Number of protein chains: 2
Amino acid sequence: MTTPRYIAVDWGTSSFRLWLIGSDGSVLNESRSDEGMTTAAKTGFAEVLARHLATVEAPADIPVIVCGMAGAKQGWVEAGYVDVPTSLSAILTGAVPVPGQSRDIRILPGLAQRDRASPDVIRGEETQLLGALGADSTGAQAVCMPGTHSKWVHVQDGEVIGFSTFMTGELFDAITKHTILSHAVAGAEQSPADNSAFKASVSTAFRQPQMATNLLFTARSGQLLHGMTASAAQARISGTLIGLEISGALADAANDTPIALVASGRLQKLYETAFKALSLNATTIDADTAVLAGLSAAANAIWPN
Amino acid sequence: MTTPRYIAVDWGTSSFRLWLIGSDGSVLNESRSDEGMTTAAKTGFAEVLARHLATVEAPADIPVIVCGMAGAKQGWVEAGYVDVPTSLSAILTGAVPVPGQSRDIRILPGLAQRDRASPDVIRGEETQLLGALGADSTGAQAVCMPGTHSKWVHVQDGEVIGFSTFMTGELFDAITKHTILSHAVAGAEQSPADNSAFKASVSTAFRQPQMATNLLFTARSGQLLHGMTASAAQARISGTLIGLEISGALADAANDTPIALVASGRLQKLYETAFKALSLNATTIDADTAVLAGLSAAANAIWPN
């Protein structure tokens, strides 16, 4: 029978996920809540963690590996950044211990790209990336991790050579809630991915990124002049922002660079549909599986059997 | 001595401006308020107008020419659209009378571009355009009318051949108020145009429009990694959106197309600085002067001396 060996925690801005992992690597128990960094910074990180550890009945002597915003400056203990270019495995050795705890708790660092022209930071997705590709990946890869802030990481033979953040998800929310386009999407019933306007908008924005803020406005003018539906307007906005993102992310990549999509659920479907619309091949890796694999790789490196 | 001949009104979404014009074309009196369409739709268009007419002591028998959102579907009386391509002078003949009024009140139509690929509408700026160029302009011109929704109109020998709306101003507001970048710009003291980051961002977004939503994010990552100031972050956001707009607006224009900028105040300075950063020559026409000239051209056509 497998015995509990360590705890893996993905601690984001607005979500908390914890897994109890056995000596054979299997998930023995798990616990989730919306006690992300924002909440935990008020109620206490140690208290939130302790409650979830009790929920999964974690033995007192097993260690905890954490990734995500718990390591930000506004988080629990600042875990800093590993600067790119760097090997994927470097994050394994940069874990920072949380002082004054009864058990061994370590928080993984993020990645920083410090050049003045395109400064950028990642925190949490580096662990997903490690889990998705493994430390020994070969060749060139463009890894897409969509979300509130979509991250695109360019990897060459296990080295992270650079990455870019695109504000796609957050802009979609701000535009559909806080601009005149909120009227255009009111009552939208379909998921953007199910609407034919989505694919068309992805293609248009990919080919004509300079027209992005005009294409967004056509969600309104299309309603005024052609009776475009609310669902189509929503698909237009979503497709425009995603097409713009993919256009930017692949601008400097060779045409045949393999694309890996690390996503789950709704976002996975949206981006798979977008890549299809652009005739781009992408391999999908489940985001939950990836982050757990990355945390497990870190735990195995820090606490070898 | 000049006597009052007509009233000119620019009735926008959120602002109302009225001028009393004399027989020699001079402004005899004026009145302004924030009783735009949004307000007037609740309090009554006739009441708002009557109050301003009383303020400027308008004689009971002189007519009123109106442009802007008062002619929208949600406005006072729907004034429809003139479809492009069209001569600039066509809007002069499309004015719609407001029924049941004691004096002659006419509202000018907007412009509509009905093709399915790039539907677009203008309401109010068509009158500015007429005033800025006159009905008999020659050659090709790209006319930029910046604002909440920036309008770019392509004119050839007095014909409006097409136009595009860019959501620049509204996106700047939504992004700086309703995304994570609100923290990056908190406390910004300088006007974007005065910050060197503005010109640099205009140039970058103009050359690399596909990176727009990544360039926006660097307002945050630049602060995290390089201590970028709030004023520079604000300039980065403003410059990125304006550079993106100009890139899209001029994508299909010949390199030597003359640019006319119709703007006043803060926006005039921002766009003049942006054009300079891109080594583009633009002739500035004051927006207030232009709209009054357009309304006067309409009044003189409808009620000739």
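Letters go in sequence order (proteins before strands), and every chain restarts at 1. Atom set for the values below is all heavy atoms of this structure, side chains included, hydrogens, waters and symmetry mates excluded. All values derive from a computational prediction rather than experimental measurement.
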Test item: B/Met211 and A/Ser247 side chains (from C-beta on) under 4.5 Å apart, heavy atoms: no

Side-chain (A/Ser221) to main-chain (B/Pro119) donor-acceptor, under 3.5 angstrom: yes

Heavy-atom proximity to chain A below 4.5 Å, by part of B/Asp83: neither

For chain A, the option from B/Gln208, B/His149, B/His226 that forms the most heavy-atom pairs under 4.5 Å: B/His226

Pairwise distance CG(B/Leu225) to OG(A/Ser118) - rounded to 0.5 angstrom: 10.5 Å

Student check: side-chain heavy atoms of A/Leu171 and B/Phe217 closer than 4.5 Å: no

Interatomic spacing from CD in A/Gln210 to CD in B/Glu245 - rounded to 0.5 Å: 13.0 Å

Close side-chain approach of A/Val121 and B/Arg220, heavy atoms under 4.5 Å: no

Contact class of A/Asp115 relative to chain B, heavy atoms under 4.5 angstrom: backbone

Region of B/Tyr81 in contact with chain A, defined by heavy-atom distances below 4.5 Å: side chain

Value rounded to 0.5 Å, distance of CG in B/Asp173 from OG1 in A/Thr179: 10.5 Å

Residue pair A/Leu215, B/Phe166: steps toward the side-chain contact (heavy atoms from CB on, under 4.5 Å) verdict: CA-CA 8 Å; A/Leu215 292 169; B/Phe166 298 85; over 6 Å; no

Test item: B/Met167 and A/Ile180 side chains (from C-beta on) under 4.5 Å apart, heavy atoms: yes

Heavy-atom check, side chain of A/Thr213 versus side chain of B/Thr165, under 4.5 Å: no

More than 12 heavy atoms from other groups under 6.0 Å of CZ on A/Arg266: no

Main-chain N/O of B/Lys177 paired to A/His178 side chain as donor or acceptor, under 3.5 Å: no

Heavy-atom contact with chain B under 4.5 Å, split by part of A/Leu216: both

B/Leu244 portion near chain A, given a 4.5 angstrom heavy-atom threshold: both

Residue part contacting chain A, namely of B/Gln113, when any heavy atom lies under 4.5 Å: backbone

